[in-house]
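To keep things clear, I will list the structure first and then write my remarks on it.
We number each residue from 1, following the sequence as shown.
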Amino acid sequence: MYQVVWYGILCTLFILITSSYSRHDRFFSDGISTAEIIAGDVFFEITDPVELEYTYRVRPAKDFGAPFNESFILKNAALVPVSPRYACQNINNQNDVEGNVAFIERGECSFKRKTLMAEKAGAKAVIITDINNANEEFFIEMIDDDGEEDANIPAAFLMGKNGLMITKTLERLQKQYAIINLPVNLTFTPIHKMNHPPWLGW
Ligand SMILES: *[C@@H]1O[C@H](CO)[C@@H](O)[C@H](O)[C@H]1NC(C)=O
Ligand SMILES: *[C@@H]1O[C@H](CO)[C@@H](O)[C@H](O)[C@H]1NC(C)=O
């Protein structure tokens, strides 16, 4: 009789401990929820080429372009490095860019002008990156920097090192674009389960 009672108590304890542990594991890492880290940032994943199959964080433009809201979902879209690469003039590879995401380098003109050029070429969104300053520590805040007409597609900034690796890898593989899903919802993914690119030391 005592044995049965003890067995029951031990089983209950075991279940309590394991269930609280797994709940902890699911939502927290070092006491911080993933949602807090994400703040206003958006994530996308590359599904092709394999060399770039990671999840990338981007910061939406602060005060121009369309929002990355619930109606904005792109599955298996192409992330297309544009030509010319700063996209300050009309984009030449419009056939690839149309209906996809334009990948543009920072510099030579405003963020908004680049976004307008991409919109004109039929892009659904723009990701701007700075491959010359591989800034790993911070994101550039993209603000409305020319006061002209507003853009109607979402724009976001990608950290420098990621931009460099994506650009170099596509060049090496002689690919015109990568395939992405934008956004990916990581609200309930613990930090240590995020598939960060290995070249970011975090
Ligand atoms: C998302 O933003 C677009 C562009 O501003 C707008 O047309 C659409 O109605 C918005 N959708 C939602 C669900 O807010
Ligand atoms: C992510 O998923 C959670 C849970 O399904 C949902 O509450 C949240 O609104 C989603 N966030 C976005 C940005 O879609």
Side-chain angles (χ1 to χ4, degrees), residues 29 32 34-62 65 68 72-87 91 93 96-97 100-112 114-115 117-118 123-143 153-187 189-202:
S29 173
I32 307 164
T34 308
E36 285 172 54
I37 300 272
I38 293 172
D41 291 345
V42 171
F43 291 78
F44 71 91
E45 63 186 1
I46 294 185
T47 58
D48 183 78
V50 215
E51 288 87 341
L52 295 171
E53 270 184 17
Y54 301 105
T55 302
Y56 301 86
R57 179 180 173 188
V58 293
R59 176 150 301 174
K62 217 177 172 127
F68 285 89
F72 183 84
I73 299 168
L74 290 178
K75 295 269 180 222
N76 296 317
L79 177 68
V80 188
V82 299
S83 158
R85 60 198 183 122
Y86 296 114
I91 288 172
N93 52 338
D96 285 337
V97 169
N100 289 306
V101 180
F103 192 49
I104 303 177
E105 266 185 58
R106 182 186 182 206
E108 297 204 347
C109 63
S110 70
F111 291 125
K112 203 165 78 181
K114 295 170 192 290
T115 306
M117 286 299 150
K124 289 265 171 66
V126 182
I127 290 174
I128 299 173
T129 191
D130 186 350
I131 72 170
N132 293 314
N133 302 302
N135 47 347
E136 296 189 45
E137 298 302 319
F138 66 98
F139 283 86
I140 303 289
E141 289 286 8
M142 296 202 301
I143 55 162
I153 56 173
F157 189 80
L158 173 70
M159 279 169 60
K161 190 86 175 266
N162 285 333
L164 183 67
M165 297 305 281
I166 292 171
T167 305
K168 288 271 172 275
T169 305
L170 291 178
E171 276 172 14
R172 180 165 53 80
L173 299 173
Q174 299 186 325
K175 286 194 167 252
Q176 306 304 310
Y177 49 79
I179 301 297
I180 66 169
N181 294 318
L182 169 69
V184 285
N185 186 344
L186 294 177
T187 304
T189 306
I191 292 154
H192 64 278
K193 297 235 170 83
M194 281 193 195
N195 187 18
H196 289 304
W199 51 82
L200 299 181
W202 51 281

(message) Please report the interatomic distance CD1(I180) to CG(N100), rounded to the nearest 0.5 Å.
(response) 8.5 Å

(message) Would you say that V58 contacts N162 through its side chain, given a criterion of any heavy-atom pair below 4.5 Å between the two side chains?
(response) no

(request) Of all the heavy-atom pairs spanning V80 and Q176, show the shortest one and how long it is. (result) CG1-O, 3.9 Å

(request) State, with a plain yes or no, whether a side-chain heavy atom of N181 is found less than 4.5 Å away from one of N76. (result) yes

(message) With a 4.5 Å cut-off on side-chain heavy atoms, are P81 and F103 touching?
(response) yes

(request) Would you give the length of the straight line joining atom CD of E45 to atom OH of Y56, rounded to the nearest 0.5 angstrom? (result) 10.5 Å

(request) Find out whether Y86 and K114 are in side-chain contact, i.e. whether some heavy atom of one side chain is under 4.5 Å from a heavy atom of the other. (result) yes

(request) Determine the minimum heavy-atom distance between I131 and G163, stating which atoms define it. (result) CG2-C, 3.6 Å

(request) Report yes if some heavy atom in the side chain of E51 is under 4.5 Å from a heavy atom in the side chain of R172; otherwise report no. (result) yes

(message) Could you measure the distance from the CG atom of L74 to the CZ atom of F68? Nearest 0.5 Å is fine.
(response) 9.0 Å

(request) Determine whether I91 and S83 make a side-chain contact, defined as any pair of heavy atoms from C-beta on separated by less than 4.5 Å. (result) no

(message) Nearest 0.5 angstrom please: L186 CG to N195 CG, how far?
(response) 9.5 Å

(request) State whether the side chain of K124 and the backbone N or O of F72 hold a donor-acceptor pair below 3.5 Å, judged by distance alone. (result) no

(request) Search all heavy atoms of A102 against all heavy atoms of V97 and return the closest pair with its distance. (result) CB-CG1, 4.2 Å

(message) Given 3.5 Å as the limit, does a donor-acceptor pair link the side chain of K175 with the main chain of T169, or not?
(response) no

(message) A side-chain contact here means heavy atoms from C-beta on lying under 4.5 Å apart; do V101 and F44 qualify?
(response) no

(message) I need the R106 CZ to F111 CZ distance, nearest 0.5 Å.
(response) 5.0 Å

(message) For the backbone of L158 and the side chain of T129, can you confirm whether one donor and one acceptor N or O come within less than 3.5 Å of each other?
(response) yes

(request) Output all residues satisfying side-chain hydrogen bond (donor to acceptor under 3.5 Å, both in side chains) with N93, sequence neighbours left out; order by chain, then residue number. (result) none

(request) Taking the side chain as every heavy atom from C-beta outward, state whether P49 and L170 have any atom pair closer than 4.5 Å. (result) yes

(request) Give the minimum heavy-atom separation between I153 and A123, together with the two atoms involved. (result) CG2-O, 3.5 Å

(request) Report the residue from L79, L52, D48 that forms a side chain to side chain contact (heavy atoms under 4.5 Å, CB included) with I179. (result) D48

(request) Nearest 0.5 Å please: distance from the CZ atom of F43 over to the CG atom of N185. (result) 10.5 Å

(message) Are more than 12 heavy atoms, taken from residues, nucleotides or ligands other than E53, located less than 6.0 Å from that residue's CD atom?
(response) yes

(request) Count the heavy atoms of every other residue, nucleotide or ligand shown that sit under 6.0 Å from OH of Y177, and state whether that count exceeds 12. (result) no

